[in-house]
Structure formats: structure tokens, C-alpha cells
Amino acid sequence: MRNRFLEEYNSRNLRACQLKQLAILEVVDKICRRNFISYWLDGGTLLGAVRHGGFIPWDDDIDIAMRSEDLRRFAEVAAAELPDGLFLQTRQTDPEVEEPIVKVRDLNSFYVEAGDNFAAAYQKGLYVDIFPFVDYPTVSPRFVKTVAKGISKSYSILHGAHHYSLRAAAELLWFGGKHAAFSALWAAATALKPAGTYIGNVPENNGYGIMHRKDSVFPLTEIAFEDKRFFGPANPDAYLRDLYGDYMKVPPPEKRKFHSVFIMPELV
């Protein structure tokens, strides 16, 4: 059953949510420029920049990407350079986090997603997602869709909440075996088909099995987003077609969904 009061509340708070996320992105951008760390707008944020000049009107998150080695460098400097009230959330800094996604969280806010686990005490403020990208083996898109999606799905199930039951035990065995098998295929492809042409999100987080040609990503270029300049891929058109196909087609109203189920942009 839909709750129109909650939907109206979230709609009223959406712009405040976006502006706070934009402020987080500006901080990340300054840290990256100061330390010569490469990043680029990714996913719906890049789509918003190209199609709308800023946020997709109904979007309530920001996505950026970094090569894994740049993300390690960012994590090293962020602890000292993030201002008070922002927190670099990883599985190391916030041990109850399960996702292989790094986030810069705003601690003075509250953002609830459908998959959030309230039994776990990880931080749940507004955030900017940082997706770690790695070199991909030189294989077909079909192979990547099958294997990366298999790794991602099995990883997600294995790291989700489980209750003690025969079904849960069977799921752990089944998806544990699938994860091992797909991971072995990926390792073999990486060894036999040297990287050089393609790059993509780490397989554990590549639920759609997407990869990009490196020459569509690098060299990075600047792109306008909310009247500010951030880094984007070299060829945004090719990058977005990899992700969405006909990305300039605006979805119908019934498919314009928030990621969150509850937004509170300010706690105090």
C-alpha cells in the first residue's frame, strides 16, 4: 500500500537532499584535485549532467567512479582532509557494512533505502557513492554480462541478512558454489585474456554486467553539473549508451522512482 504522506514528505525534501549531496561532491572534488586523484561522474549522475544539466529531477543520490588504485589513495587522505560531519564509509571504517561500495556520508542527515538493515549500526546519512573500477579482461560483452552478473548476484545473497533455516543453509551452499565457480571463470579470463581495452566496476558490484572501453573514459574531461564543473568520461555518449542504451529517452512517470524510502536532510 502506498503512503501518500510519506511520498509527499520525501518530495518536499528532495531538493534539500540533492543540494547536500552536491556539497559532499564538491568536497570530494576539491580533495581529488588537491591530491591529483582521478574520478569521474558515473551512472545516473552522469546521465543527469548530460540530459538535464544537473540532477535527474527525481534522483536522490550521486554516483562517481575511481580506479581502484585512486580509491585507495583517496581513502588514505580522506581521513585527514574530510571536514567534520563527513565520514568515509568502507567495510574497514564501518565494519557492519556489507556492500563493496565506498561512500562519503553526511552524519547530520538520515537516508533510508529499501535494503537498509536496522539491526546493523552502520551510518545511514546522505552520501556520495564511489564505485571502484578495475581493468577487465579482453572478453566479449556477453561473457561479462553472464559472469559479472553471476558474481554480483551470488555475492549479494551471501552477504545479505540470513535467518537460521534449511532454506537459508541451502541458499548459502548453492550461491556459495555459484560465486566460487563464476569467480574462477573470471580469474581464468583475467589470466588468459590480458587487460588493456576495457574497464568496469568490480564484478561484485556489477549487477548489470556493464563494461566500458577505456578510450571512452580516458582522458577525463570536465562536464557541467548543477552549474559547477566536475570530471566526466572522455566520451559521455558512448559511456551512457553502454549503461542505458537510448539514454536521452525520459522514462514515463511511473518509472521515475526515488532510491530512498525516507529522507531527512538535517538531524539538528
Side-chain angles (χ1 to χ4, degrees), residues 1-25 27-28 41-48 54-66 71 85-132 149 151-163 175 201-208 210 243-244 251 253-268:
M1 177 180 175
R2 294 176 61 185
N3 184 333
R4 66 179 178 85
F5 299 103
L6 181 59
E7 290 176 354
E8 290 171 3
Y9 174 86
N10 284 338
S11 294
R12 288 196 305 271
N13 282 284
L14 176 60
R15 188 56 181 166
C17 161
Q18 292 175 339
L19 291 176
K20 178 163 272 194
Q21 290 167 327
L22 179 62
I24 300 171
L25 179 59
V27 172
V28 171
L41 301 187
D42 185 38
T45 305
L46 179 63
L47 175 58
F55 283 96
I56 296 171
W58 55 92
D59 201 7
D60 58 351
D61 73 348
I62 286 180
D63 303 320
I64 67 173
M66 292 182 188
L71 184 50
L86 293 184
F87 170 66
L88 183 70
Q89 184 180 54
T90 69
R91 285 180 288 184
Q92 288 71 46
T93 63
D94 206 350
E96 294 195 54
V97 168
E98 296 290 352
E99 291 182 320
I101 307 171
V102 174
K103 300 176 187 286
V104 178
R105 291 267 193 185
D106 171 76
L107 300 179
N108 185 30
S109 57
F110 196 60
Y111 180 96
V112 181
E113 297 179 89
D116 271 323
N117 177 5
F118 281 86
Y122 58 83
Q123 297 295 334
K124 299 178 180 71
L126 291 168
Y127 60 82
V128 166
D129 269 329
I130 307 177
F131 294 102
K149 287 173 71 173
I151 292 172
S152 176
K153 181 178 180 180
S154 55
Y155 179 94
S156 178
I157 291 172
L158 290 171
H159 288 79
H162 293 280
H163 303 283
F175 286 102
N201 204 339
V202 290
E204 289 82 2
N205 197 46
N206 193 351
Y208 294 101
I210 301 296
L243 288 171
Y244 304 113
E254 64 272 15
K255 292 190 176 181
R256 301 174 191 176
K257 303 293 186 182
F258 292 170
H259 293 88
S260 61
V261 295
F262 179 77
I263 305 169
M264 184 178 287
E266 299 284 341
L267 294 179
V268 296

>> Which label fits Tyr111 and Tyr127: parallel for a plane angle under 30°, tilted from 30 to 60°, or perpendicular past 60°?
In response: perpendicular
> What is the distance from atom CZ of Arg91 to atom OH of Tyr122, rounded to the nearest 0.5 Å?
Replying inline: 14.0 Å
>> Checking the side chain of Asn201 only, and the main-chain atoms of Ile210 only, is there a donor and an acceptor separated by less than 3.5 Å?
In response: no
>> Could you tell me if the side chain of Asp94 sits less than 4.5 Å from the side chain of Phe87, heavy atoms only?
In response: yes
> Quick one: do the Arg105 and Gln123 side chains pair a donor with an acceptor below 3.5 Å?
Replying inline: no
> Counting only N and O atoms by type, is there a donor-acceptor contact under 3.5 Å from the side chain of Lys124 to the main-chain atoms of Ala121?
Replying inline: no
> Would you say Pro265 and Ile263 make side-chain contact, with heavy atoms under 4.5 Å?
Replying inline: yes
> Are Tyr208 and Ser152 side-chain neighbours, meaning at least one heavy-atom pair lies under 4.5 Å?
Replying inline: no
>> Would the distance check show the side chain of Thr45 and the main-chain N or O of Asp63 forming a donor-acceptor pair, the cut-off being under 3.5 Å?
In response: yes
>> As an exercise, state the distance from OG of Ser260 to CG of Asp59, rounded to the nearest 0.5 Å.
In response: 9.5 Å
>> Treating Gln21 as the side-chain partner and Asp60 as the backbone partner, does any N or O pair qualify as donor plus acceptor under 3.5 Å?
In response: yes
> Asp129 and Ile64: side chain to side chain contact (heavy atoms under 4.5 Å, CB included), yes or no, with the steps?
Replying inline: CA-CA 6 Å; Asp129 269 329; Ile64 67 173; over 6 Å; no
> Do Asp116 and Val261 pass the side chain to side chain contact (heavy atoms under 4.5 Å, CB included) test, and can you show the C-alpha distance, the side-chain angles, and the key distance before you say yes or no?
Replying inline: CA-CA 10 Å; Asp116 271 323; Val261 295; over 6 Å; no
> What is the distance from atom CG of Leu25 to atom CD1 of Ile130, rounded to the nearest 0.5 Å?
Replying inline: 9.5 Å
> Is it the case that more than 12 heavy atoms not belonging to Tyr9 sit under 6.0 Å from its OH atom?
Replying inline: yes
> Any side-chain heavy-atom pair from Met264 and Asn13 closer than 4.5 angstrom?
Replying inline: no
> Is it true that the side chains of Tyr155 and Asn205 contain a donor and an acceptor less than 3.5 Å apart?
Replying inline: no
> Under a 4.5 Å cut-off applied to non-hydrogen side-chain atoms, are Phe258 and Cys17 in contact?
Replying inline: no
>> Working to the nearest 0.5 angstrom, can you tell me the gap between Ser11 OG and Glu8 CD?
In response: 7.5 Å
> Given the rule in the side chain to side chain contact (heavy atoms under 4.5 Å, CB included) test, do Arg256 and Ile56 qualify, once you have shown the distances and angles that lead to the verdict?
Replying inline: CA-CA 9 Å; Arg256 301 174 191 176; Ile56 296 171; over 6 Å; no
> Side chains of Val27 and Leu86: does their closest heavy-atom pair fall under 4.5 Å?
Replying inline: yes
>> Tell me if the CZ atom of Phe118 is crowded by more than 12 foreign heavy atoms within 6.0 Å.
In response: yes
>> Can you give me the closest heavy-atom contact between Asp106 and Ile24, atom names plus distance?
In response: CB-CD1, 3.9 Å
> Below 4.5 Å, heavy atoms only, C-beta onward: do Phe55 and Arg15 meet side chain to side chain?
Replying inline: yes
> Judged by atom type as modelled, is there a donor-acceptor pair below 3.5 Å linking the side chain of Asn3 to the main-chain atoms of Leu6?
Replying inline: yes
> Side-chain contact, heavy-atom cut-off 4.5 Å: Val102 with Pro132?
Replying inline: no
> When you measure from the side chain of Tyr244 to the backbone N and O of Gly44, does any donor-acceptor pair fall under 3.5 Å?
Replying inline: yes
> Would Gln18 and Ile62 satisfy side chain to side chain contact (heavy atoms under 4.5 Å, CB included), going step by step from the backbone distance to the final call?
Replying inline: CA-CA 8 Å; Gln18 292 175 339; Ile62 286 180; over 6 Å; no
>> Checking the side chain of Asn108 only, and the main-chain atoms of Leu267 only, is there a donor and an acceptor separated by less than 3.5 Å?
In response: yes
